[in-house]
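These notes are about the structure you will find just below.
We name chains A, B, ... by the order of the sequence lines, and we start the count at 1 in each one.
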Amino acid sequence: MPELPEVETVRAGLNRLIVGKRVLAVTSDTPKSFPNAEADVKQFLVRAEIIAVKRRAKVLIIDLSGAYSLIIHLKMTGQLVFQGKGVHFGAGHPSDSLINPLPDKSTRVIFDFTDGSKLFFNDQRKFGWVRLLPTIEIPNLDFFKKVGPEPLSDDFTWQIIKERLLRRKGTNVKAALLDQSVVAGVGNIYADESLWGAKIHPTTIVAKLTDKNFKDLHKALRDVLQLSIDKGGSSNHTYVDAEGKKGSYMTFANVFRREGQPCPRCGTIIVKTRVAGRGTHLCPHCQKLT
DNA sequence: CACTTGACCTGTCCGC
DNA sequence: TGCGGACAGGTCAAGT
């Protein structure tokens with residue numbers, strides 16, 4: 001599921017909903033989704049206060065009092081759903097809200113707060129995880145040492161996306177975009193959407209891209225990520241935000257999961273292929289292989 | 001070394 | 001209706 005816009009939407013929601021709360025108890029399916037030893041959870045997580053909720057790439061970082069942090073990766077089907085006062089289950093928009101009561105069979109971790117509210121980590125496919133570690137150790141994790149720049153940061157220029165992509169100059173541009181060490185946070189949806197926006201065929205070898213391609217891709221990627229954040233992310237079936245609500249970006253998608261439909265730009269029928277081992281959507285007229 | 005493929009899991013959908 | 005296989009928004013380890 002979650003790529004940069006979805007994780008950012010969850011982050012913003014949690015930052016609003018759980019900062020200042022104190023952890024009362026934690027139950028989990030340890031070690032699968034939460035591999036820390038029970039003793040460490042008891043010592044460094046129980047009784048800790050939530051200080052801030054941050055994001056780097058597709059990873060959530062929840063800083064706790066006591067110089068520890070929770071690191072959470074939602075992978076394909078992870079959810080973080082808060083329930084407590086001020087957030088009414090299914091309220092307002094029944095069709096946009098989580099229908100099943102929590103916990104359900106996908107619930108892997110439950111955080112109980114001292115005010116009676118709860119945070120559920122659900123993950124159907126069990127690829128995601130929660131880890132507790134000293135805040136100071138986060139930058140030393142292999143993932144954070146090698147992860148690329150944030151594409152929405154002010155200093156992310158077209159020259160930077162060019163330089164980063166050229167680290168994978170022998171491969172196709174879609175595989176390079178999906179590589180988290182090249183650029184942070186891009187996944188299958190926004191790779192396809194941004195390549196369509198920049199009129200670049202996904203199998204184009206990076207070394208063959210022109211400066212115009214890099215400029216167009218830089219703009220298309222930032223535009224599509226920002227639009228999706230504004231729409232609360234993309235929801236297929238498993239993604240929901242911290243209040244259990246779905247995002248609406250898929251309504252605005254131009255090619256992703258729109259095979260058989262006309263390209264919004266030229267009317268040519270969108271096709272689905274396989275690139276870099278992933279389902280890939282493109283307009284065969286707008287995105288010519290050069 | 002650079003790049004590609006398989007594995008991790010569960011659930012759903014599609015063809016026979 | 002049942003069954004097998006492909007596929008699903010991500011990332012590693014292992015393979016070529």
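Look at the C1' atom in both C:dA6 and B:dG6: the space between them is 15 Å, to the nearest Å. Using P as the reference atom, B:dC1 and C:dT11 are 23 Å apart when rounded to the nearest Å. Across C:dC3 and B:dC9, the matching P atoms stand 24 Å from one another, rounded to whole Å.
The existence of a salt bridge linking A:D63 and A:K54 is confirmed by a sub-4.0 Å separation between a basic side-chain nitrogen and an acidic carboxylate oxygen. A salt bridge is absent between A:K146 and A:D142; no separation between the charged side-chain nitrogens and carboxylate oxygens falls under 4.0 Å. The pair A:K219-A:D223 counts as a salt bridge, with a side-chain nitrogen and a carboxylate oxygen less than 4.0 angstrom apart. A salt bridge is absent between A:D123 and A:K75; no separation between the charged side-chain nitrogens and carboxylate oxygens falls under 4.0 Å.
Atom CD of A:Q261 is surrounded by more than 12 heavy atoms from other residues, nucleotides or ligands within 6.0 Å. Within a 6.0 Å radius of CZ in A:R222, more than 12 heavy atoms belonging to other residues, nucleotides or ligands are found. For A:K215, the NZ atom counts as densely surrounded, since its 6.0 Å shell holds more than 12 non-hydrogen atoms of other residues, nucleotides or ligands.
Rounding to the nearest 0.5 angstrom, the gap separating the OG atom in A:S228 from the CD atom in A:E3 is 8.0 Å. The distance from the CZ atom of A:R11 to the CG atom of A:L80 is 13.0 Å, given to the nearest 0.5 Å.
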When you look at A:F127 and A:H73, which way does the ring-ring contact (aromatic ring centres under 6.0 Å, His included) test go after all the steps? CA-CA 9 Å; A:F127 292 167; A:H73 203 308; over 10 Å; no

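In this structure, A:G128 reaches neither bases nor backbone, as no heavy-atom distance under 4.0 Å exists between it and the strands shown.
Contact annotation: A:R278 does not reach the phosphate of C:dC7 (side-chain N/O to OP1 or OP2, under 4.0 Å). For A:H73 and C:dT11, the shortest distance from a side-chain N or O to OP1 or OP2 is below 4.0 Å.
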5' to 3', nucleotides 3-10 of chain B under a 4.0 Å protein heavy-atom cut-off (B base, S sugar-phosphate only, - none) gives SS---BBB

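Counting only N and O atoms by type, the side chains of A:E6 and A:Y190 include a donor and acceptor under 3.5 Å apart. Residues A:K174 and A:N188 bring a donor and an acceptor atom of their side chains to less than 3.5 Å of each other.
Put simply, CH2 on A:W129 is 10 Å from C1' on C:dT11, counting in whole angstrom units. To the nearest angstrom, P of B:dG11 lies 10 Å from CG of A:D104. Atom pair A:I72:CD1 and C:dT11:P shows a separation of 15 Å (rounding to whole Å applied). Atom CG in A:L177 sits about 16 Å away from atom C1' in C:dT11, given to the nearest Å. A straight line from CG of A:D179 to P of C:dG10 spans 13 Å, rounded to a whole angstrom. Straight-line distance from the CG atom of A:D192 to the P atom of C:dG10: 10 Å, rounded to whole Å. Straight-line distance from the CD atom of A:Q79 to the P atom of C:dG10: 16 Å, rounded to whole Å. Between the CD1 atom of A:I189 and the P atom of C:dA8 there is a distance of 12 Å, given to the nearest Å.
Remark: DNA chain C takes part in the stems B:2-8 with C:10-16, B:10-16 with C:2-8, each of 3 or more antiparallel Watson-Crick or G-U pairs, criterion distances under 3.5 Å.
Contacts with DNA chain C (heavy atom under 4.0 Å) in residues 135-147 of chain A: A:F143, A:K146, listed by number.
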